[in-house]
Every structure is written in C-alpha cells, then in structure tokens.
Amino acid sequence: NRHPVPLLKEVDYFILAASLAKESKNIFREYLGDGLVPTRSASGKSFFRSKSIPFPPDHFKTLKGLTHRDLSHHPKVYQYIKKWCV
C-alpha cells in the first residue's frame, strides 16, 4: 500500500521526465515513458486522484525522444535545470 506524502510548502519541486515518443499525443508516452519509468508515474499522476502528487504543471517537463539514461547527461536536461535555478 502506498501512502501519499504531502509536499513541503517551502520547497519548490521541479520534475524532468523523458519519453521515447517524439509526439505529445502518443499512447506509448504515457505508459512506456522513457523505457523504464512511465511518464504518468514520473509526473506524479495516479489512476486514483487521492494518490496523485499535485506538482505544479509549469514545474514539470517531458523531454521527447529521450531514454531514461539520457536524463543523466543530455544538454536539454541541463538547460532546464539552469532555467529553473536562475
């Protein structure tokens, strides 16, 4: 059994996810994601609203056409981290 943990009010959360799919509207994007983590899960969404994590939409970005491994070294990842930290 999973238990939702409330987000800390004084912390800004930012999430980057990768998706093998290059198009936004693609069934594989939601369920296969980056080949390891489904995009739906990476974004904190659950099929049950009570178990979803309410990350602000402008603090979440899916990088299309990338794998899970790409998240560790792709230039696009650094661009978003830099943008969010400034």
Side-chain angles (χ1 to χ4, degrees):
N1 283 331
R2 296 185 305 167
H3 303 170
V5 176
L7 300 177
L8 299 173
K9 293 178 183 174
E10 59 275 353
V11 176
D12 287 329
Y13 296 88
F14 296 90
I15 297 93
L16 283 173
S19 172
L20 296 171
K22 293 182 180 179
E23 306 87 30
S24 294
K25 300 293 181 188
N26 187 313
I27 190 91
F28 295 110
R29 179 176 174 257
E30 293 296 319
Y31 296 100
L32 294 180
D34 60 19
L36 186 62
V37 178
T39 307
R40 180 175 193 79
S41 179
S43 67
K45 294 178 185 169
S46 172
F47 291 108
F48 303 102
R49 184 178 286 254
S50 64
K51 295 190 179 200
S52 291
I53 303 169
F55 294 121
D58 59 331
H59 287 201
F60 177 77
K61 179 67 179 168
T62 301
L63 301 173
K64 301 171 194 162
L66 300 181
T67 67
H68 188 79
R69 185 169 179 230
D70 291 332
L71 288 172
S72 66
H73 64 276
H74 199 280
K76 287 182 184 178
V77 173
Y78 176 70
Q79 289 173 358
Y80 277 98
I81 292 172
K82 187 177 174 181
K83 175 184 171 186
W84 286 335
C85 287
V86 172

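These figures come from a predicted structure and were not determined experimentally. Side chains included, hydrogens not; waters and symmetry mates left out as well; all remaining heavy atoms used. Here, residue 1 is the first one in the sequence, and each next residue gets the next number.
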Practice item. Spell out, yes or no, whether Ile81 and Leu66 are grouped together once hydrophobic residues are joined by side-chain heavy atoms under 4.5 Å, including indirect joins. Key: yes
**Study point:** Over all atoms of both residues, closest heavy-atom pair of Leu71 and Ala17
**Key:** CD2-C, 4.2 Å
Review point. Is a side-chain N or O of Tyr13 found less than 3.5 angstrom from the main chain of Leu8, in a donor-acceptor match?
Key: yes
Exercise for review: Find out if a path of hydrophobic residues (ILVMFWY) with successive side-chain heavy-atom gaps under 4.5 Å connects Val11 to Phe60.
Suggested key: yes
Point to revise | Parallel, tilted or perpendicular: ring planes of His59 versus Phe14, cut at 30 and 60 degrees | key: parallel
Study note, to complete from the structure: One should read off an interatomic distance between His74 NE2 and Arg69 CZ, to the nearest 0.5 angstrom, of 12.5 Å
Practice item. Mind checking the CH2-CD1 spacing from Trp84 to Ile15? Nearest 0.5 Å is all I need. Key: 7.0 Å
Review point. Under 6.0 Å from the CZ atom of Phe55, do we count more than 12 heavy atoms belonging to anything else shown?
Key: yes
**Study point:** Inter-residue atom distance Gln79.CD - Lys61.NZ, 0.5 Å rounding
**Key:** 11.0 Å
Check your understanding: Nearest heavy-atom pair of Lys76 and Lys64: which atoms, and what distance?
Key -> NZ-O, 4.4 Å
